[in-house]
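One-based numbering along the sequence shown.
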Amino acid sequence: MMVPGIMPLSCCRAMPKNDGAKKPASETVPDQRWKLQVFYLCFYGFMTQIRPGESFITPYLLGADKNFTKAEVTNMITPVLSYSYMAVLVPIFLLTDYLRYKPVLVLQSLSHISIWLLLVLGTSVLAMQLMEFFYGITMAARIAYSSYIFSLVAPSRYQRMASYSRSAVLLGVFTSSVLGQLCVTLGGVPFLTLNYVSLGFVSFGLILTLFLERPRRSLFFNRPRRASDATVPTELDRMAEGDSGVGSRGWQDMVLCRMLRELGALARQPQLRLWSLWWVFNSAGYYLMLYYAHILWNEISPTTDNRRVYNGGVDAASTLLGAVASFAAGYVKIRWTLWSELVIGVVTAFQAGLLLLMNSTTNIWLCYAAYILFRGSHQFLVPIAIFQIATSLSKELCALVFGVNTFFATVLKTIITVIVADKGGLGLSVHPQFYVYFGYFTLLAVVYLLAAIRVGVQHSHRRQPVELALAKEPCQAPVEIPAQEKSPEAGTVRA
């Protein structure tokens, strides 16, 4: 499972080596204190995911404890999550870097506590809408955890350390889901008690946050000054030097403007443009399905016996399959410049079929299976997208590209929510909503497959003159495959 807000910086282009450069402290200090910091951060990431009541929030709201109607949950409460996430995403993205991570992590922990206090004590629709608002803050603040790791270690260790931190989060999500399911099915624990347990865990997470060390540097706003013998300058350093004579204007403003202009030029690269569009359009649909899937399950199987609610087990299985699919994607070896559109089109068509199955079946187990496969297929493409987008980018541009992509995906998701789900729009119930999502993914699949046909035709037309030339000159050296057509395994991707 890809956790929303986790910024995949680990696969950005490695900086050139400088044999005469001074090594970072994390590679020279004998006691290697940074290892303890990384271990504590991973432990923190694991523990803050232990919220066993999270998989059962929807049946808790619809059950006897809160007794909200399906219309209230579907059309009045859940849409606030999309609005909140869009409203706070950019401010939190900037504040994370400016305040150097820790204050935003504290804000995230306080928001988690607010969520479960409202779940336990709140009784009105307004209280649950406020709960969703705080949930949007926690989702946006996940960027602070995923980028914190890069302030602790040298660039040469980014990939491995990022994989450790991501694995800690996935393990925490899996453990939390299994723990919640065991408590409900085997222990007969009421949902309200499970929420009290979750409140205890998130309160412990706040205590852990207070012991995190606040880094001295960050990616954009708090960069260390380089000495003459320091490491090789990064993209931001080079841009800053170019703007050093700008006068009273801050170099950060000029650098960010220049980076945005460079993004406009990079958008002309076919692979970066294609996978960025996939990130925007498919991620929007993916998260809409996640938000409303639990409501659909309750519609298909409206049981009053909590022991027969298997949300936690399904979330655990989908998390595990997503992790396996992400790992397996690193070993796919094809020419992505030729086959990207076809792979995306086939996977998107498969997802459209799964959405139709989820919405049309009356068998809850078939619905569970379709949900698990839907999430796994999405997570299969995530590391491939990361590699194709970031393989030729610096770390700074990589962060900016994924930030822009996530923002546009959030805007699109919010627009769809306003039109389809919100009470002020169409206010559709969950089954009609899933038909809309099915149509959305079907349209995307058709567009991707038509693009694949166009690429195939263009490739065959280009290949014919080459074959004629080779027939005339059989001793001609073979054409070398460009570096960007390598598989993710050849790069640094492990999502």
Side-chain angles (χ1 to χ4, degrees), residues 1-6 51 53-62 66 68-89 111 115 118-119 125 128-140 142 173 177 280-300 309 311-312 314-315 318-319 322 351-352 354-355 358-359 367-368 370-372 374-375 378-379 406-407 409-441:
M1 163 186 180
M2 177 181 154
V3 181
I6 298 291
R51 303 185 293 270
E54 189 166 44
S55 296
F56 303 95
I57 290 178
T58 297
Y60 171 72
L61 294 178
L62 295 172
K66 296 299 178 183
F68 291 107
T69 65
K70 290 178 181 177
E72 288 173 332
V73 174
T74 304
N75 305 124
M76 298 176 67
I77 296 174
T78 304
V80 177
L81 175 58
S82 295
Y83 307 152
S84 169
Y85 186 44
M86 187 188 73
V88 302
L89 180 62
S111 298
I115 289 170
L118 288 166
L119 281 172
V125 171
M128 295 304 105
Q129 289 175 329
L130 188 59
M131 178 271 293
E132 294 285 12
F133 172 77
F134 283 115
Y135 207 101
I137 293 177
T138 65
M139 290 179 59
R142 288 170 183 170
V173 173
S177 301
V280 171
F281 287 99
N282 287 58
S283 293
Y286 172 77
Y287 285 109
L288 284 170
M289 187 280 296
L290 289 190
Y291 294 167
Y292 293 94
H294 288 195
I295 303 175
L296 179 66
W297 297 346
N298 188 272
E299 183 80 16
I300 295 173
V309 177
N311 295 17
V314 177
D315 285 340
S318 60
T319 299
Q351 291 177 315
L354 291 174
L355 287 172
M358 289 175 64
N359 200 33
C367 190
Y368 286 157
Y371 173 85
I372 294 170
F374 187 98
R375 292 190 64 179
H378 181 83
Q379 294 302 323
T406 301
F407 175 74
T410 304
V411 171
L412 177 60
K413 178 179 62 179
T414 303
I415 293 173
I416 296 174
T417 300
V418 170
I419 296 173
V420 174
D422 195 278
K423 186 179 179 180
L426 296 177
L428 299 180
S429 61
V430 68
H431 274 297
Q433 278 192 50
F434 267 74
Y435 280 122
V436 172
Y437 304 149
F438 161 70
Y440 176 82
F441 273 86

Start with the C-alpha distance between Phe434 and Leu296, add both sets of side-chain angles, then the distance that settles side-chain contact (heavy atoms from CB on, under 4.5 Å), and finish with yes or no. CA-CA 9 Å; Phe434 267 74; Leu296 179 66; 3.9 Å; yes
If we count only N and O atoms by modelled type, under 3.5 Å, do the side chains of Lys413 and Tyr291 hold a donor and an acceptor together?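 Distance-only check passes for Lys413 and Tyr291.
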Filter on salt bridge (charged side-chain N to carboxylate O under 4.0 Å, His left out), then keep only pairs touching residues 68-83, sequence neighbours left out; what's left?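 For residues 68-83: Lys70-Glu299.
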Let's go through His294 and Asn298 carefully: what are the C-alpha distance in whole Å and the side-chain angles of both, what is the deciding distance for side-chain contact (heavy atoms from CB on, under 4.5 Å) to 0.1 Å, and is it a yes or a no? CA-CA 6 Å; His294 288 195; Asn298 188 272; over 6 Å; no
Minimum side-chain heavy-atom gap [X]-[Y] below 4.5 Å:
X      : Y      : result
Tyr371 : Met289 : yes
Met139 : Leu81  : yes
Trp297 : Val314 : yes
Leu118 : Phe134 : yes
Asn282 : Phe441 : yes
Tyr85  : Thr406 : yes
Pro79  : Tyr292 : yes

When the ring planes of Tyr286 and Phe374 are compared, do they come out parallel, tilted or perpendicular, using 30° and 60° as the limits?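 Aromatic pair Tyr286/Phe374 classed parallel.
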Test side-chain hydrogen bond (donor to acceptor under 3.5 Å, both in side chains) applied to Tyr437 - qualifying residues, sequence neighbours left out: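 Listed in chain order: Gln433.
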Do side-chain atoms of [X] reach the backbone of [Y] as a donor and acceptor pair under 3.5 angstrom?
X      : Y      : value
Asp422 : Thr417 : no
Ser84  : Phe133 : yes
Tyr135 : Val80  : no
Asn75  : Leu428 : yes
Thr414 : Tyr83  : no

Show the numbers, then the answer: is there a side-chain contact (heavy atoms from CB on, under 4.5 Å) between Arg375 and Asp315? CA-CA 10 Å; Arg375 292 190 64 179; Asp315 285 340; 4.0 Å; yes
Minimum heavy-atom separation for Leu89 and Phe407, please, with both atom names.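 Heavy atoms only, the tightest pair is CD2-CA, 3.7 Å.
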